[in-house]
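The sequence lines fix the lettering, A, B, ..., with proteins before strands; numbering per chain opens at 1.
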Amino acid sequence: MIFLKNTLLFLGGVILGAALLATGLYYFPFPHAARTERILPAFEASAKAPEIFRYMLSDQTDGDVISLVTSGAPAIFPMMPATDRVLSEPNVKDGLALINKMRDDGGNIVAIATELESGHEGSRLIKGKVMTHTTWTVIAPGRGALFLYQEEDNWTLFKRFVLPGLLFNKSWQGSWKNLNTLGPRPDGYGQVIGGTGEFAGKRGHFIEFAELRDFSPGKQLAGTMELRVVFDE
Amino acid sequence: MAKNWPRSGYVVLGIVVGAAAMAAMLSMPMVDPPGAAPLAQIDDSGRSVETFRVSAQDILAVTHDGGGATPLFPQAIQQIKDPALSGSEVVTMKVRNAQGTIIGVGARYVAIGHDPAARDTYWTLVLTLRGTLAAHCAPSAPDQCGAVVGGTDEFAAFRGRMMETSENGGYRLVLTSEGRME
């Protein structure tokens, strides 16, 4: 009887310890999670006239998102359009393939783009990092192609929206602004890795900035995504 | 000895064990792709040559303005109707190495280039744990067709070309380095 009581006390402690650590991690102020407040003002101060490529996130089949394919697991972001051809193999299961139209700062459609992602080996929940290697290709007819690379972190998106959605089927509406980029440059920016046409030979940096307005499990995210590109003089 | 422990001792021990177990679990890599080593060979000229393949079943999406050579896929995909994007075509896909293992994702683009009378072709490959590779072919510069115009990691300093061939509803891509490999 005493043995049983002590075992139950021990098991209760195990559950409490695990819950305490998970809760602590959820609220821990990782420095990189505050980069929107830290890095975005620095970018805006230094970037005199960034070139903007913007698209609207929505589930409209005639919107800016043309195609979205992931592994399908967790099934919180549906494929667009629905497809059973997904990224299920070991080397691509943490990846993403997006096709979208891009608008300029005035809202005019000026380019077609892809976002191709592979899972980042540095992703660790204990470090508050849910990362991808992300490559943007922006094709502006008549101007040329621009190839951009960044390391992206979605820790805050994961803990604040995806996790409650997965665990409690919780939706959210509001305005949440976030700098998705987390390098690879030491200043926290992504980098221009190549170009053709008028972008040929250009070097520079960029950020991916998002405003989320609606997160509902089983539906596409709604909001705005922007690439702000600065070319070296 | 354990018999003499106060009850709180078992709780504290449990808390320590539970926190340690949770920390160990959360320290595990969230992403653990196996990756695939390069399968490049050296040709008679000393250049590195690597082949990638895309089968018809590896195509994830195809969109264009209705004038593309490949049918739209999936059937419900949005067609590109915007005048500014006229003549554009984008295909996303999984990419295999020469042994048939899926090693990354890629995209092929066709769009009006610098010459408004011609359409350029572009490729982007994102190979897991290896890096990104971007290539370009302009009809106006056939001697430069397939030139690698950008890359990261393994391909950051790569100079060479990637040539495409249609193959059974998919593609065969041959990446060849410029100059002799040491």
Practice task
Could you walk me through whether B:Ile80 and A:Ile66 pass the side chain to side chain contact (heavy atoms under 4.5 Å, CB included) test, one step at a time?
Solution key: CA-CA 9 Å; B:Ile80 301 171; A:Ile66 294 173; 4.3 Å; yes

Using a 4.5 angstrom heavy-atom cutoff, name the option from [options] with the most pairs to chain B.
options	result
A:Ala19, A:Ala22, A:Gly24, A:Ala145	A:Ala145
A:Val192, A:Thr135, A:Leu8	A:Thr135
A:Thr83, A:Thr134, A:Val65, A:Asp62	A:Asp62
A:Ile99, A:Ile109, A:Asn91	A:Asn91
A:Lys101, A:Glu198, A:Lys93	A:Lys101
A:Val69, A:Ile112, A:Thr132	A:Ile112

Exercise for the section: Might you point out which heavy atoms bring B:Ala19 and A:Leu21 nearest each other, and give the distance in Å? Expected result: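 So the two residues come closest at O-CD1, 3.7 Å.
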
Exercise for the section: Taking all heavy atoms of A:Leu116 and all of B:Ala107, pick out the closest pair and write down the distance. Expected result: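 So the minimum-distance heavy-atom pair works out to CD1-N, 4.0 Å.
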
[X], part contacting chain A, at a heavy-atom distance under 4.5 Å:
X	result
B:Met28	backbone
B:Gln57	both
B:Pro116	neither
B:Thr63	side chain

I want to check something: taking the side chain as every heavy atom from C-beta on, are [X] and [Y] in contact at a cut-off of under 4.5 Å?
X	Y	result
B:Leu60	A:Leu87	yes
A:Val14	B:Ile15	no
B:Leu85	A:Pro141	yes
B:Arg7	A:Lys5	yes

Just give me the residue among [options] that pairs up with chain A most often, heavy atom to heavy atom, under 4.5 Å.
options	value
B:Ala36, B:Pro33, B:Gly18, B:Ala20	B:Gly18
B:Ala61, B:Pro74, B:Ser88	B:Pro74
B:Thr101, B:Thr132, B:Leu127	B:Thr132
B:Asp82, B:Val17, B:Ile103	B:Asp82

Can you say whether [X] sits under 4.5 Å from chain B via the side chain, the backbone, both, or neither, judging by heavy atoms?
X	result
A:Ile15	neither
A:Ala200	neither
A:Thr61	backbone
A:Lys129	backbone
A:Arg143	backbone
A:Val110	backbone

[atom1]/[X]: more than 12 non-hydrogen atoms of other groups inside 6.0 Å:
X	atom1	result
A:Lys127	NZ	no
A:Asp232	CG	yes
B:Lys81	NZ	no

Nearest-0.5 Å distance, [atom1] of residue [X] to [atom2] of residue [Y]:
X	Y	atom1	atom2	answer
B:Arg130	A:His133	CZ	NE2	13.5 Å
B:Ile102	A:Ser88	CD1	OG	7.0 Å
B:Leu133	A:Phe147	CG	CZ	9.5 Å
A:Arg85	B:Thr92	CZ	OG1	10.5 Å

Exercise for the section: Ignoring hydrogens and angles, tell me if any N or O in the side chain of B:Lys94 forms a donor-acceptor pair with the backbone of A:Val86 under 3.5 Å. Expected result: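 Pair found, side chain donor or acceptor close to backbone of A:Val86.
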
Exercise for the section: Begin from the C-alpha positions of B:Leu129 and A:Glu121 and carry the test side chain to side chain contact (heavy atoms under 4.5 Å, CB included) through to its verdict. Expected result: CA-CA 8 Å; B:Leu129 299 183; A:Glu121 60 282 5; 3.5 Å; yes

Practice task
Assess whether side chain to side chain contact (heavy atoms under 4.5 Å, CB included) is satisfied between B:Tyr122 and A:Ile139, documenting all intermediate values.
Solution key: CA-CA 9 Å; B:Tyr122 311 85; A:Ile139 310 281; 3.6 Å; yes

Problem - Any side-chain donor near an acceptor of the partner, B:Tyr109 and A:Thr137, under 3.5 Å - result: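 Checked: B:Tyr109/A:Thr137 side chains pair up, N/O donor to acceptor below 3.5 Å.
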
